[in-house]
Amino acid sequence: MEITRRGLLSAMSAMSALSAAGLMAVVPAGPASAAAGAEGRARLLANTVDVFAGTAESNARPETAAKLAAMERTARADLKAMDDAREGELFAGLVLGTDEANLNTAYRKLYEIALATRTPGLPADLYGSTTVQHRVLDGLAWLHERYYGDQSKGYYGNWFHWEIGISQHISKTLVLLADAVADHRPDLLPTYVASMDAYLRNGTDGDVDLDSRFHTGANLADITTNRILQGALLGEPGEARIRKALTDQLTVFATIDPYHLDHGVTDGHYADGSFIQHASVAYTGSYGKGLLTRVVQTLKILDGTGFAHGEELVPTVHGWVRNGFAPLIFEGWMMEIVKGRAVARPDSGYTDVAVVVEAVVDLSSLASGAAATALKAYVKHVRATSRAPLDPARFVSPVSVVRYADILADDAVPPADLNPAARSVAFNAMDKTVHRRPGYAFALARSSDRISKYEYMNGENLMPWFQGDGAYYLYLSGQDQSRAYGVDYYTTVSPYGLAGVTAPVEQRRTVPELYGKAYYDNPGHPLHFTSSSESQNKYVYFPRGANGFSGGAVLGEYGAAGMVQSSDVAYHDRALLPDDFVVYRAATATKSWFLFDDEIVVLAADVGDAAGRAVTTTVDARTAAPDDRISLTGVLRDGRPWTGPGTADLHWLRYANTTEGTAVGYVFLDTPKVRVTLDEVTRSRRVVRTANSDAPVTRSVLGVTVDGEAGARPARLAYALVPNAGEAKLRAHRHGPLKVLANTRRLQAVTHTGLGLTAANAFTEGRHEAGELRVHGPASVLVQRAGRRGGGTVRVAVSDPTMDRDTVTVLLRGRPLRRTTGDPQVRVDRAPGGTRIEVDTHHAYGRSFTVTLKE
């Protein structure tokens, strides 16, 4: 049995690592006997029913009443739609034959009805009703005969529906109605399994293909879970299918090693907590939560079956939650930087986190000891800090609803975050940065020739062009984040004016506006553009940048990040593309973000446009409810007070939302005149997603912008964001702790005297000097001196944002220092004029290396 095809299973930390032998042991070679196999299959099917329908015990609890009521309403609405169907319809108004999403909906509705017939606690005309079950099975037969069984007519539109979505609904429906299938329609099971196999067209011989770009990450977990259920239904001959599917699914637990890819797959979890799907999209908040949900459900389904020892996988999933999800969740809200095209959907970041919470609730029931306690404490922390109530009625499983209620009622477990109160995280594998402090969180979206600038697909996220060009989001504690961000942020804020973005002044068109459909269609071109082709992915759906420098270092709770802005790969490859394919050129900028306690310092150099266009750089863009009380105050560089809006030579600006009780300060360290606007904007959410409601949304929108005129020489900017700042704190920055040491396209550096911290990003080859630092070649460096009261301790962190250097060398000028502790990859020697630090960054993939020195 071959189950090591994608390398050893490793986790985010030593506690969650599995050896190769441990991985192989997760799936036993087979049951001890035929009787044991039969018992395991029966247990698997029963577990699946319990997961989705609940148990008599769980459903008798009052906490599940709302969930059961929702399940009943859904099933009755679906049955009425069946009753009202006209000739040629299964459900009233649902047109089939040309729209694969409608076919998927039909199968979903059949599943929802079947689920009601297996849900204890629902009325007798639903629960246990063979009449209703037979209607569902007859509906399955009707759909197969007319719209699904003919392979020559199927597989139009989105591949996902045919290989995953429809199969998911069918497989679960057949599990729920297994007894009724045997009595009423015994032909359905082999017929449907054969058809589902045939629709795995991106697989091999009706099975998973680990070399397929479609069978990776969350998609692979979905496909293999479907096949596990199918195998249990097929009886003893299906056991081989179960084991093969489990073996394939185990590959998603392996930490991606970018230097030793298995099957060329870059989708999955990385050592730094990053999660990637679609080869290059940062996707923790969408596909990542889908993968989390699916693997936890699978662990529950397998519990006690003998087909896998799922408890050995629990620490790995715990590592995902601790290092991958928790940093990206702020007061119950999923950050925008990891949601791909889902940022344009009306479901909020609170809804996203509810999905994660259900998975964590169930994971805590599979964990033990301190791990279980930590997970339960995190569930209570999310509940305690979220500004939106979490509705457990939206959980998938009634059993999860009960577990959630029990966790909240357990006074022995106090709420506790999985994050330290102060934390800086460099998700360099997916070009994202998160910086957290009590009172705020800062999230930064970078991009490179490794990671996509954005994701557009299927009419979702229609104006995404600058979302990976240094766009950032400043989440303030205590605020309802759906008023500040979410779909309404992208609806009412100009796509050219997202916070942190430098963009050319031009008018771009969406993909549907350019090509009349949701994708670019040109199958006859050598690049073969079809809806899901590799060329479509590369140039339309999620294009990467052309820059190699994107990353940063972390020193304890402090961080630095840098990026060289570039046009996307379509502009770079424009000579290869069809004549009617529209490409856009980006503005130029070299940027750094230095992350302290009370300030986020932003430096930008080479800000302009090689084509001579005017450009805008947005310091911040914030939204609020139209009736919120907003105030703008500031001080000019000459010391006079200022009240906006308007354009002025500002020293500092303070934006306060007194209704929400929040404020942000902006200190302009070295910046041209700033244009401050405060407008009421009304737009339809449909401007960002074709499937959204056309109802108007109104927001008060702040814009803090620096304008660059057409033909102007490249400019530089230096400013600090000061979350929750009062005027006194902003006034103190006139002679405050921040000093810009360098701000050019070669080197950017600042020092924070209050923290004894110097931070620098060197972008080019050669020697770079900043304060006490001498850096050789591209690097990101942080140095903190504790001073003599701290025993003369110096801490240093170094990373390679290019991810292709073997060695990075730094010189600390001054008195020679000796090494006390640090990573083994760091070598320290005396050198003329100071201390030489040499870091082995070979195959480190942007990781930070640290060392502590003393005089």
Side-chain angles (χ1 to χ4, degrees), residues 38-39 41-60 64-65 67-86 89-92 94 103 105-149 166-196 226 229-235 238 301 396-399:
E39 182 180 347
R41 294 191 305 275
R43 177 69 181 269
L44 194 155
L45 295 174
N47 285 349
T48 304
V49 174
D50 290 350
V51 165
F52 296 105
T55 65
E57 181 182 13
S58 70
N59 295 4
T64 62
K67 172 66 180 175
L68 298 188
M71 295 166 74
E72 180 183 354
R73 284 194 303 272
T74 298
R76 293 197 185 282
D78 293 338
L79 283 168
K80 186 176 187 306
M82 288 187 81
D83 293 337
D84 294 343
R86 296 176 296 184
E89 294 181 336
L90 183 61
F91 295 97
L94 194 64
L103 183 60
T105 298
Y107 279 109
R108 174 177 56 79
K109 289 179 177 294
L110 290 177
Y111 162 72
E112 290 164 347
I113 298 169
L115 181 62
T117 72
R118 295 302 310 274
T119 302
L122 293 192
D125 64 328
L126 289 175
Y127 178 57
S129 170
T130 56
T131 300
V132 175
Q133 291 177 348
H134 290 176
R135 287 191 72 181
V136 172
L137 297 179
D138 292 343
L140 285 176
W142 188 89
L143 287 175
H144 191 277
E145 177 184 348
R146 298 189 180 206
Y147 297 107
Y148 187 76
I166 291 173
S167 295
Q168 194 171 85
H169 300 313
I170 294 168
S171 299
K172 290 194 296 184
T173 301
L174 292 175
V175 169
L176 290 167
L177 304 186
D179 292 339
V181 169
D183 294 337
H184 183 64
R185 290 270 190 174
D187 58 311
L188 273 184
L189 177 59
T191 298
Y192 260 110
V193 169
S195 292
M196 287 187 285
N226 292 344
L229 299 183
Q230 295 156 17
L233 287 165
L234 289 170
I301 287 168
V396 171
S397 175
V399 177

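Each of V49, L176, V136 was scored for a side-chain contact (heavy atoms from CB on, under 4.5 Å) with L115, with one residue passing: L176.
Between E112 and T74, the side chains place no donor N or O within less than 3.5 Å of an acceptor N or O (distance only, hydrogens not considered). Residues H144 and T191 have side chains that never bring a donor and an acceptor to within less than 3.5 angstrom of each other. There is no side-chain donor-acceptor pair under 3.5 Å between D183 and H134.
The two residues R41 and G231 have their closest heavy-atom pair at CD-O, 4.5 Å. Nearest approach of A116 to L122, heavy atoms of both residues: O-CD1, 3.6 Å. In plain terms, the two heavy atoms of I301 and N47 that are nearest each other are O-ND2, 2.9 Å. Taking every heavy atom of both residues into account, L94 and E89 meet most closely at N-OE2, 4.3 Å. When all heavy atoms of M196 and S171 are compared, the closest pair comes out as SD-OG, 3.7 Å. Scanning both residues, P398 and F52, for their nearest heavy atoms gives CD-O, 3.8 Å.
Side-chain contact between Y107 and L140 is present, with at least one heavy-atom pair separated by less than 4.5 Å. Proximity of E57 to V399: side-chain heavy atoms (C-beta onward) are nowhere separated by under 4.5 Å.
A distance-only check finds a donor-acceptor pair linking the side chain of S129 to the backbone of V132 [under 3.5 Å]. Judged purely by atom type and a 3.5 angstrom limit, Y192 has no side-chain atom pairing as donor or acceptor with the backbone of L174. A distance-only check finds no donor-acceptor pair linking the side chain of S195 to the backbone of G149 [under 3.5 Å]. A donor-acceptor pair under 3.5 Å is formed between the side chain of T64 and the backbone N or O of S58. Of the possible donor and acceptor atoms, none in the side chain of N226 sits under 3.5 Å from a partner among the backbone N and O of I170. Within the 3.5 Å criterion, the main-chain N or O of I113 finds no donor-acceptor partner in the side chain of D78.
Annotation: the span from T119 atom OG1 to L126 atom CG amounts to 9.0 Å, rounded to 0.5 Å. L110 CG to R108 CZ: the interatomic distance, rounded to the nearest 0.5 Å, is 10.5 Å. Atom CG of residue L143 and atom NE2 of residue H169 lie 12.0 Å apart, to the nearest 0.5 angstrom. Here the CG-OH distance, from L68 to Y127, works out to 11.5 Å after rounding to the nearest 0.5 Å. Atom CZ in R146 sits 9.5 Å away from atom CG in L90 (nearest 0.5 Å). To the nearest 0.5 angstrom, T130 atom OG1 is 6.5 Å from Q133 atom CD.
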After noting the C-alpha distance and the side-chain angles of K172 and L229, does the key distance pass the side-chain contact (heavy atoms from CB on, under 4.5 Å) rule? CA-CA 7 Å; K172 290 194 296 184; L229 299 183; 4.0 Å; yes

Step by step, would you call L177 with H184 a side-chain contact (heavy atoms from CB on, under 4.5 Å)? CA-CA 10 Å; L177 304 186; H184 183 64; over 6 Å; no

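Salt bridge D179/R118: absent, no basic N to carboxylate O contact under 4.0 Å.
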